[in-house]
*Asks:* 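Supplied in structure tokens, the structure appears directly below.
For this chain, numbers begin at 1 and follow the sequence in order. In each ligand, atom 1 is the first atom listed, and ligand 1 is the first ligand listed. Keep in mind that this is a model prediction, so the values were computed, not measured.
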Amino acid sequence: MYAQLVETGSNKLKTLDEMSPEERQFQERINDEIKIEPKNWMPDAYRKTLIRQISQHAHSEIVGMLPEGNWLTRAPTLKRKLQLMAKIQDEAGHGLYLYSAMETLGADRDEEIDKLHDGRAKYSSIFNYPTLNWADMGTVGWLVDGAAIVNQVPLQRTSYGPYARAMIRVCKEESFHQRQGYQILLTMMQEGTDDQKAMVQDSINRFWWPALMMFGPSDENSPNSAQSMAWKIKRHSNDELRQRFLDQTVPQLELLGCTAPDPDLKYNQETGHYEFGEIDWQEFFDVVKGNGPCNRERVEARRNAIDNGAWVREAAVAHAAKRQHRAA
Ligand code: FAQ
């Protein structure tokens, strides 16, 4: 729908006729599904929007390592520990591809990371919730990576080439993450004690609503959607993706033998979709503004990681300089 706005001018967005020749050529390229590459001309606002979204996405991957890192030393078996370690390393890798994609737009990585550290940059709200028990490692994989996949699969077709290409590998790895999470929960539900089963339900109760919030504000309160969809940065609206996630997740919830903390959740035979209760948007905006349960702790952990690792970076630079000097 949004892709048509540019042509019909039915919103505040410019029509093709109102665009400069450069803007028009750019939009026509997008309408024809031709990727925009770093050296192509692009409107400043397109560049800024992408830097905003890709940097937030990269920060999410990096901050997203923290809630799981909390459980590495307490994984119940060596196998689980190795899987969790591999997943966390993948997330670091995703952050690095994304920062690289962002740099192709002329953004400076250090500057963007500074914005994360001083609270100017956002990252996904979901990572501001604590991971309190081992089942949370299953729930994060199942629900959080599950939501991330639903959001990221369409991003493989986003209009900016480097972002779209980064998403292909990211999505493959997220699929493994989602399955390992679900498998943790299935094992606990099928082979666990009553206490372990209760742990799974408790974890789902805490992560259910925050996972639905990951898709962002509802369409009528999403200021960036119309333009981002016209530019085909976003291919579906926040609410469409939230619904898609819910429709695929509820049957998995039932297979686990668990319930959602939503008395209004029900299947609508006519529409073929699940209906759900009201999201607590106040909670969402509080968390996004920095007032969630773990916001301060997360940002501080990232700041400390950079500060404590400074000597390693300095040593690596000194070592490289020494080798270069010897080779000369
Ligand atoms: N949390 O107008 P919209 C992962 C902000 S990766 C915080 O709808 P937009 C992997 C939004 O930035 C998860 N802020 O914005 C993993 C905007 O703020 P601004 C991250 C949010 O950009 C798994 C304002 O609200 N994925 O999980 C959130 O068109 C497990 C208005 O919103 C991505 O970043 C939120 N949930 O749509 C790692 C995917 N939602 O900048 C470890 C790429 C919205 O105007 C463990 N990003 N905001 O001040 C996107 O697809 C989009 O940016 C949306 C938001 C859909 C997130």
Side-chain angles (χ1 to χ4, degrees), residues 2 45 48-71 84 87-95 97-98 101-102 115-116 119-129 131 136-156 158 160 163-164 166-167 170-171 173-178 180-181 207 209-231 233-242 245 279 281 283-292 295 298:
Y2 288 104
K48 277 193 191 133
T49 297
L50 275 170
I51 293 174
R52 175 185 67 78
Q53 176 165 328
I54 301 175
S55 64
Q56 286 175 3
H57 195 166
H59 299 330
S60 303
E61 296 282 356
I62 299 297
V63 176
M65 297 161 75
L66 297 169
E68 291 172 312
N70 186 35
W71 281 89
L84 190 59
K87 177 181 191 299
I88 296 172
Q89 285 177 345
D90 285 351
E91 280 147 13
H94 298 173
Y97 314 143
L98 286 162
M102 178 198 79
K115 288 185 196 163
L116 170 70
R120 279 177 293 155
K122 294 189 171 74
Y123 57 88
S124 183
S125 48
I126 192 74
F127 302 117
N128 293 306
Y129 292 86
T131 44
D136 287 357
M137 295 303 93
T139 310
V140 167
W142 172 47
L143 292 181
V144 177
D145 285 275
I149 294 170
V150 170
N151 170 271
Q152 287 169 178
V153 164
L155 287 176
Q156 295 177 112
T158 195
Y160 187 58
Y163 192 22
M167 280 302 109
V170 168
C171 283
E173 293 177 349
E174 301 286 30
S175 291
F176 153 69
H177 297 173
Q178 197 264 358
Q180 71 84 39
F207 277 94
W209 289 109
L212 289 177
M213 291 175 194
M214 283 177 72
F215 296 92
S218 56
D219 294 350
E220 61 274 22
N221 290 316
S222 164
N224 300 301
S225 278
Q227 182 62 78
S228 284
M229 291 190 67
W231 280 331
I233 293 175
K234 284 169 90 163
R235 311 291 311 220
H236 303 278
S237 78
N238 297 355
D239 286 334
E240 274 168 32
L241 292 178
R242 194 176 353 259
F245 169 69
I279 290 177
W281 290 115
E283 175 181 323
F284 170 76
F285 288 113
D286 281 348
V287 174
V288 172
K289 275 191 214 131
N291 300 320
N295 295 60
R298 299 290 187 238

*Asks:* Going by the angle between their ring planes, with limits at 30° and 60°, are F285 and W281 parallel, tilted or perpendicular?
*Replies:*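 Rings of F285 and W281: tilted, 30 to 60°.
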*Asks:* Given side-chain hydrogen bond (donor to acceptor under 3.5 Å, both in side chains), test Q56 with H59 step by step and report yes or no.
*Replies:* CA-CA 5 Å; Q56 286 175 3; H59 299 330; over 6 Å; no
*Asks:* For atom 33 (C) of ligand 1, tell me which residue out of R52, H57, Q152, H236 has the closest non-hydrogen atom.
*Replies:*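 Selected option, by shortest heavy-atom distance: H57.
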*Asks:* Measuring from atom 46 (C) of ligand 1, which candidate in M65, E91, H177 has the nearest non-hydrogen atom?
*Replies:*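 Looking at heavy atoms only, E91 sits closest to atom 46 (C) of ligand 1.
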*Asks:* I need the atoms of ligand 1 closer than 4.0 Å to a non-hydrogen atom of G64, numbered in the order shown.
*Replies:*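 Those atoms are 42 (C), 46 (C).
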*Asks:* Relative to the heavy atoms of M213, which atoms of ligand 1 are at a distance of less than 4.0 Å?
*Replies:*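 Those atoms are 36 (N).
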*Asks:* What's the shortest distance from atom 7 (C) of ligand 1 to any protein heavy atom, and which residue and atom give it?
*Replies:*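 Scanning the protein heavy atoms, the shortest distance from atom 7 (C) of ligand 1 goes to Y123 O, 3.2 Å.
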*Asks:* Show your reasoning for whether side chain to side chain contact (heavy atoms under 4.5 Å, CB included) applies to N224 and T49.
*Replies:* CA-CA 8 Å; N224 300 301; T49 297; 5.7 Å; no
*Asks:* Mind checking whether L241 contacts ligand 1 via backbone (N, CA, C, O), side chain (CB onward), both or neither, at a 4.0 Å heavy-atom cut-off?
*Replies:*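 For L241, there is no contact with ligand 1 at all, from either part.
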*Asks:* To the nearest 0.1 Å, how far is atom 45 (O) of ligand 1 from its closest protein heavy atom, and which atom is that?
*Replies:*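 For this ligand atom, the closest protein heavy atom is N224 ND2, 3.1 Å.
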*Asks:* Among protein heavy atoms, which sits nearest to atom 21 (C) of ligand 1, and what does the distance come to when rounded to 0.1 Å?
*Replies:*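 Scanning the protein heavy atoms, the shortest distance from atom 21 (C) of ligand 1 goes to F284 CZ, 4.0 Å.
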*Asks:* Can you find a heavy atom in the side chain of Y123 that is under 4.5 Å from one in the side chain of E61?
*Replies:*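 Answer no - side chains too far apart.
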*Asks:* Assess the side chains of D219 and S237: does a donor N or O sit below 3.5 Å from an acceptor N or O?
*Replies:*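 Present: a donor and an acceptor within the cut-off.
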*Asks:* Should you measure from each heavy atom of Q56, which atoms of ligand 1 turn up under 4.0 Å away?
*Replies:*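 Per the distance check, 12 (O), 41 (O).
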*Asks:* Under a 4.0 angstrom heavy-atom cut-off, which atoms of ligand 1 come close to D145?
*Replies:*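 Checking each atom against D145, I get 23 (C), 30 (C).
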*Asks:* Verify whether one side chain among E91 and H94 offers a donor that lies under 3.5 Å from an acceptor in the other.
*Replies:*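 H94 and E91 do not have a side-chain donor-acceptor pair below 3.5 Å.
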*Asks:* Do any N/O atoms on S60 end up under 3.5 angstrom from N/O atoms on ligand 1?
*Replies:*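 No, there is no polar N/O contact under 3.5 Å.
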*Asks:* Nearest protein heavy atom to atom 57 (C) of ligand 1, by residue and atom, and its distance?
*Replies:*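 Ranking protein heavy atoms by distance from atom 57 (C) of ligand 1, first comes M214 O, 4.2 Å.
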*Asks:* Who's closest to atom 55 (C) of ligand 1 heavy-atom-wise, of K234, E68, R235?
*Replies:*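 Result: the heavy atom closest to atom 55 (C) of ligand 1 is in K234.
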*Asks:* Is V287 touching ligand 1 with its side chain, its backbone, both, or neither, if touching means heavy atoms under 4.0 Å apart?
*Replies:*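 Neither; nothing of V287 gets under 4.0 Å from ligand 1.
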*Asks:* Using heavy-atom distances only, which candidate in P217, A226, P154 approaches atom 32 (O) of ligand 1 most closely?
*Replies:*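 Heavy atom nearest to atom 32 (O) of ligand 1 belongs to P217.
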*Asks:* Show me which atoms of ligand 1 lie under 4.0 Å from any heavy atom of V288.
*Replies:*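 Those atoms are 7 (C), 14 (N).
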*Asks:* Starting from atom 40 (N) of ligand 1, find the nearest protein heavy-atom neighbour and note its residue, name and distance.
*Replies:*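 Result for atom 40 (N) of ligand 1: G216 CA, 3.1 Å.
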*Asks:* Nearest protein heavy-atom contact for atom 50 (C) of ligand 1: which residue, which atom, what distance?
*Replies:*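 Atom 50 (C) of ligand 1 sits closest to the protein heavy atom Q53 NE2, 3.5 Å.
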*Asks:* Verify whether one side chain among Y163 and H57 offers a donor that lies under 3.5 Å from an acceptor in the other.
*Replies:*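 Their side chains do contain a donor-acceptor pair, which is all the 3.5 Å distance test asks for.
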*Asks:* Below 4.5 Å, heavy atoms only, C-beta onward: do L241 and P154 meet side chain to side chain?
*Replies:*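 A side-chain contact under 4.5 Å exists here.
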*Asks:* Near V144, which atoms of ligand 1 are under 4.0 Å from a heavy atom of that residue?
*Replies:*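 Taking each heavy atom of V144 in turn, ligand 1 has 23 (C), 30 (C) under 4.0 Å.
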*Asks:* Indicate yes or no: at least one non-hydrogen side-chain atom of F245 is less than 4.5 angstrom from one of N151.
*Replies:*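 Sidechains of N151 and F245: no contact.
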*Asks:* Taking side chain as C-beta onward, heavy atoms only, is Q178 less than 4.5 Å from V144?
*Replies:*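 Answer no - side chains too far apart.
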*Asks:* Starting from atom 16 (C) of ligand 1, find the nearest protein heavy-atom neighbour and note its residue, name and distance.
*Replies:*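 The closest heavy atom on the protein side is F127 CZ, 3.7 Å.
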*Asks:* Any atoms of ligand 1 less than 4.0 Å from a non-hydrogen atom of K87? List them with their elements.
*Replies:*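 So the atoms of ligand 1 that pass are 30 (C), 46 (C).
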*Asks:* Should you measure from each heavy atom of F215, which atoms of ligand 1 turn up under 4.0 Å away?
*Replies:*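 Atoms satisfying the 4.0 Å criterion: 56 (C).
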*Asks:* Can you check which of K122, E61, R242 brings a heavy atom nearest to atom 19 (P) of ligand 1?
*Replies:*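 Ranked by closest heavy atom to atom 19 (P) of ligand 1, first place is K122.
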*Asks:* Report yes if S222 has an N/O atom closer than 3.5 Å to an N/O atom of ligand 1; otherwise report no.
*Replies:*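 Looking only at distances, the answer is yes, because the N/O contact criterion of under 3.5 Å is met.
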*Asks:* Does ligand 1 have an atom under 4.0 Å from some heavy atom of F285?
*Replies:*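 No.
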*Asks:* Dump the intermediate steps for side-chain hydrogen bond (donor to acceptor under 3.5 Å, both in side chains) on N70 and T131, then the final yes or no.
*Replies:* CA-CA 7 Å; N70 186 35; T131 44; 3.3 Å; yes
*Asks:* Rounded to the nearest 0.5 Å, what separates atom NE2 in H177 from atom SG in C171?
*Replies:*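 The NE2 atom of H177 sits 11.5 Å away from the SG atom of C171.
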*Asks:* Do you see a donor-acceptor pair shorter than 3.5 Å between the side chains of D136 and Y129?
*Replies:*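 The criterion, which ignores hydrogens and geometry beyond distance, is not satisfied for Y129 and D136.
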*Asks:* Any ion pair linking K87 and D90 (charged N to carboxylate O, less than 4.0 Å)?
*Replies:*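 Salt bridge between D90 and K87, a charged N being under 4.0 Å from a carboxylate O: no.
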